[in-house]
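Read the structure below first, then the notes.
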Amino acid sequence: MGTVLVACRTIEGEVLRVASEAGFVGEVRWIESGLHNRPEVLRARLQEEIDRIDGADTVLLAFGYCGNSLVGLTARGFRLVFPRADDCITL
């Protein structure tokens, strides 16, 4: 499957532009906006999406730490990559 990009809808325009400019051809999965207000809910939603991914080599998260919502995420069978940024807007 290659690479899957999991991104926040808050930065959809920016993500699509960068993905296009970079020639990204992988699958993009969107996470609904507003979950950053409840980091524990965002963490659960991200883990749910990560658990649905099968056959990928790499999963890119277009998210910042958003109140430590990335802490404790786990991936099975693929590399999980995310930026060092406080929140999505920082990206």
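The model shown is predicted, which means the values in this text are computed figures rather than measured ones. This chain uses plain numbering: 1 for the first residue, then up along the sequence.
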Heavy-atom side-chain contact between Thr58 and Val81 under 4.5 Å
yes
Do Leu42 and Ile31 have side chains that approach each other closer than 4.5 Å (heavy atoms only, starting at C-beta)?
yes
The complete set of salt bridge (Lys or Arg N to Asp or Glu O under 4.0 Å) pairs with one or both residues in residues 63-73, sequence neighbours excluded, reads none
Using the salt bridge (Lys or Arg N to Asp or Glu O under 4.0 Å) rule, collect all pairs that involve residues 59-71, keeping only residues at least two apart or in two chains.
none
Scan the side chains in residues 8-19 for donor-acceptor partners under 3.5 Å anywhere in the protein, sequence neighbours excluded, and list what turns up.
| residue | atom | partner | partner atom | Å |
| --- | --- | --- | --- | --- |
| Arg9 | NH1 | Glu12 | OE1 | 3.1 |
| Arg9 | NH1 | Glu12 | OE2 | 3.1 |
| Thr10 | OG1 | Ser33 | OG | 3.1 |
| Arg17 | NE | Glu21 | OE2 | 2.9 |

Run the side-chain donor-acceptor check on residues 65-74: report pairs under 3.5 Å with partners two or more places apart or on a different chain.
| residue | atom | partner | partner atom | Å |
| --- | --- | --- | --- | --- |
| Ser69 | OG | Tyr65 | O | 3.0 |
| Ser69 | OG | Cys66 | O | 3.2 |

Minimal heavy-atom distance between Phe24 and Gly26, with the atoms involved, is CE2-O, 3.2 Å
Which atom names give the shortest non-hydrogen contact between Val4 and Ala56, and what distance separates them?
CG2-CB, 4.0 Å
To the nearest 0.5 Å, what is the distance between CG on Leu46 and CZ on Arg29?
12.5 Å
Using salt bridge (Lys or Arg N to Asp or Glu O under 4.0 Å) as the criterion, list what pairs up with Arg76, not counting sequence neighbours.
Asp51
So, using salt bridge (Lys or Arg N to Asp or Glu O under 4.0 Å) as the criterion, who are the partners of Glu48 when residues are at least two apart?
Arg45, Arg52
